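Have a look at the structure below before the remarks.
In the text below, chain A, chain B and the rest are named by the order of the sequence lines, each starting its count at 1. Because the structure is predicted, anything quoted here is derived from the model rather than measured.
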There are 2 protein chains.
Amino acid sequence: MLDAVTPIEARRPERTLTVSEGSKTTPCSASECTLGSCPLLHELGVSKTYSPNSVVFFEGDDAAHYFLITSGVLRGCKLLEDGRRQINRFIFAGDLIGYSINPKYTFTVEAVTPVTLVALRRSAVENRVEASPCLHSAIMKSVLSELDEMQDQLVTLGRMNAEERVSRFLCLLAERSASMPAGLARDDLAQIEIPMCRNDIADYLGLTIETVSRVLSRLKADGKIAMPSCNRIVLTGRDRLKTEPGDIAA
Amino acid sequence: MLDAVTPIEARRPERTLTVSEGSKTTPCSASECTLGSCPLLHELGVSKTYSPNSVVFFEGDDAAHYFLITSGVLRGCKLLEDGRRQINRFIFAGDLIGYSINPKYTFTVEAVTPVTLVALRRSAVENRVEASPCLHSAIMKSVLSELDEMQDQLVTLGRMNAEERVSRFLCLLAERSASMPAGLARDDLAQIEIPMCRNDIADYLGLTIETVSRVLSRLKADGKIAMPSCNRIVLTGRDRLKTEPGDIAA
DNA sequence: CGATTACTTGATACTGTTCAATATCCGTGG
DNA sequence: CCACGGATATTGAACAGTATCAAGTAATCG
C-alpha cells in the first residue's frame, strides 16, 4: 500500500522560503521575486513574535492584515460549535497568510511553535500590488499553491485510510523539513522533527489521537519508521512511505 | 445534529454568474466586472460544448487554456492508481477553471450534464490581465472563492459524519440552484434538481454510493426531505438541514 | 419490451472511534 | 538528585459507523 500511489507534489515548483533577515533594500527584481525574500514587504510591515498556542487571528476577525511567516510553524483551523476541529493546513516559514475573499478571516491561525512573522496592513499591500506586478504574481502563486495543497488534502481525507494519511503527512513534513534552514542530518535517512502534537496531527488528518498513535506504532513495528523520541521520526531506508494523491489511474 | 452548526457560506459574497449570451461589446466597467459577464473574455475565447461524461481536460495535460463555464455542471476530480476517485468540486455556470501554479492541470474535469463553455488560451488571458486590473481582480476572486470552498470541504471530509455530509451537500446544491437561471418553483420549499449521479455524490463526499443512498432514505423517513424522483429533492419546511463548517465554537 | 444502468435495501465485516488504563516526558520543588 | 505532578503519548477492549458484498427494484434507452 505504501508504494501504491505517487505524489503530485513532485510536480510542484519548489517552495521558496528565503527569508532575508537583513532586509537589504534591493529593488524588486522582476521574475525572481519571492514573498519571503521581498525587501519591500519586510519594510512595509511590523515584525511580531508569538509563543506556542497563542492566536494570530480568529475566524471572524476583520481581515485587516496579511502575515508573512519568518520562522516557526502555525496551524490554520476551523472549529465547530460542538468542539470538533479541523486543521486545514500547517503554515511554515515563507508562507503568506491572511488573504481572503471575505472581509473577515475564514479560519483561525495559532502558533504551534514559537513564531516570528511580519504583519502587513492589507490596504498597504494592495496599494503596492497595483504598482508591482511582481508582487502581485508572487501573491497569486502563494494562493494557487495553497489551493493545490488543499486539493491534495481533500483526496487524503476523502479517500485514504489511516495509515495512508499518516504516511503522507510524514512525507509532506519531510519535504518541508528538507528545505528548512535548521538542517538536520539529512543524508540517506530523512530524520524529521515533528513540531506539532498528536492532537494537531489528528485534527489535520481527520483522525483521533489514538489512531495516529497506533498507526505510528505499527509503522515502527513494520520497520518503516524509527522514533528516537515521540516528536522525532526517521523515515528508514528507501521504502520511505510513498502514499500520495493526484496520481493518474492507468 | 442538523441544526448544530451554521454556515460560513452565509458570509460569502454572492456568486456572480450572469452569463451574457449576447456578448455585447460594452467595455469592462471597473468594479462591477465579473468573469461571466465580461464581454472581453467571451470574445477572446472559443465556445465549445461537451456531452455528459466527456472530458474537458485530464490531470497531467498541458494547462494551455482557461475555461469559463456558460452552462451545465462539471466535476473536477483526482484519480488514484487503484481506482479510487475524489471529486474535489462540482463546477457550475459562471465558474472559471484551469488556473494552476503548475504548467500541467492537477486534476481532471469532466462534464456531468451537457456543458457549454468558452475556452480561452492561457497566454491570451494573461496578456489581457496585465492591461486590465479589473479582469485580474475577477480572477483572483474566483481563485479565492474556490479556496474558501475547498477549506469548508476539508471540514466536511475530515470531521463530519455521513448524514452531515449529505445534508451539507444538499444545502450547497440548493444555494447554487437558487441562483441558477432555470428557476424551479422556489417559494417556501426549495426543490433541487440533482444533476449528478449517486456515484459522483459519493466520490465528492468521501462515502460510498450505498451510504449516500441510505442517508437519503433516512432523511426522507425523518421527513427532512422529499424525493419525488431520485434526482429531485425537496428540502421540506424550515428545518432545512443546516450542517455546515466554519462555525466559531463558543 | 427487453436489456442495461442506476438506485435502494439487507446482512455482515472491518476500520477507526470511544472509553479507560497505563506509560512516558518534562518541569518544579523538596 | 530524586520525587512528584501534570501534560502528552501509548496501548487495550468494546463499540459504532461506514464499507463491502449481494440481492432486489426502479429508471432509461434502444
Legend entry - Whether Thr236(A) side chain and Lys224(A) backbone form a donor-acceptor pair below 3.5 Å: yes
Legend entry - Of residues 198-210 of chain B, the positions that come close to DNA chain C - non-hydrogen atoms, cut-off under 4.0 Å: Arg198(B), Glu210(B)
Legend entry - Candidate list Val212(A), Ile209(A), Thr208(A), test side chain to side chain contact (heavy atoms under 4.5 Å, CB included), partner Asn199(A), passing option: Ile209(A)
Inset, instruction - Select base, sugar-phosphate, or nothing to describe what Ser213(A) touches, counting heavy atoms under 4.0 Å on all strands. - result: base
Inset, instruction - Would you mind reading off the distance between Arg84(B) atom CZ and dT20(D) atom C1', rounded to a whole angstrom? - result: 15 Å
Legend entry - Lys220(B) NZ to dA26(D) P, straight-line distance once rounded to whole Å: 11 Å
Inset, instruction - Say whether, by atom type as modelled, one donor and one acceptor occur between the side chain of Asp95(A) and the main chain of Phe92(A) under 3.5 angstrom. - result: yes
Inset, instruction - Could you say whether Ser229(A) or Arg214(B) is positioned toward the 5' end of DNA chain C, judged by the nucleotide with the nearest heavy atom to each? - result: Arg214(B)
Legend entry - OP1 or OP2 of dT18(D) under 4.0 Å from side-chain N/O of Thr211(B): no
Legend entry - Taking every non-hydrogen atom, the tightest pair across Gly206(B) and Arg159(A): C-NH1, 3.5 Å
Inset, instruction - For the residue pair Val215(B) and Glu210(B), establish whether any side-chain heavy-atom pair is separated by less than 4.5 Å. - result: no
Legend entry - Along DNA chain C, first and last positions that approach a heavy atom of chain B under 4.0 Å: dC7(C) to dA11(C)
Inset, instruction - Would you please classify the geometry between the Tyr66(B) ring and the Tyr99(B) ring as parallel, tilted or perpendicular, with 30° and 60° separating the classes? - result: tilted
Inset, instruction - Indicate whether any N or O donor in one side chain lies under 3.5 Å from an N or O acceptor in the other, for Arg198(A) and Asn231(A). - result: no
Inset, instruction - Calculate the interatomic distance between Ile233(A) atom CD1 and dA9(D) atom P; express it in whole Å. - result: 11 Å
Legend entry - Any donor-acceptor N/O pair, Thr156(B) side chain to Arg165(B) backbone, under 3.5 Å: no
Legend entry - Residue closer to the 5' end of DNA chain D, Leu216(A) versus Arg159(A) (nearest nucleotide): Leu216(A)
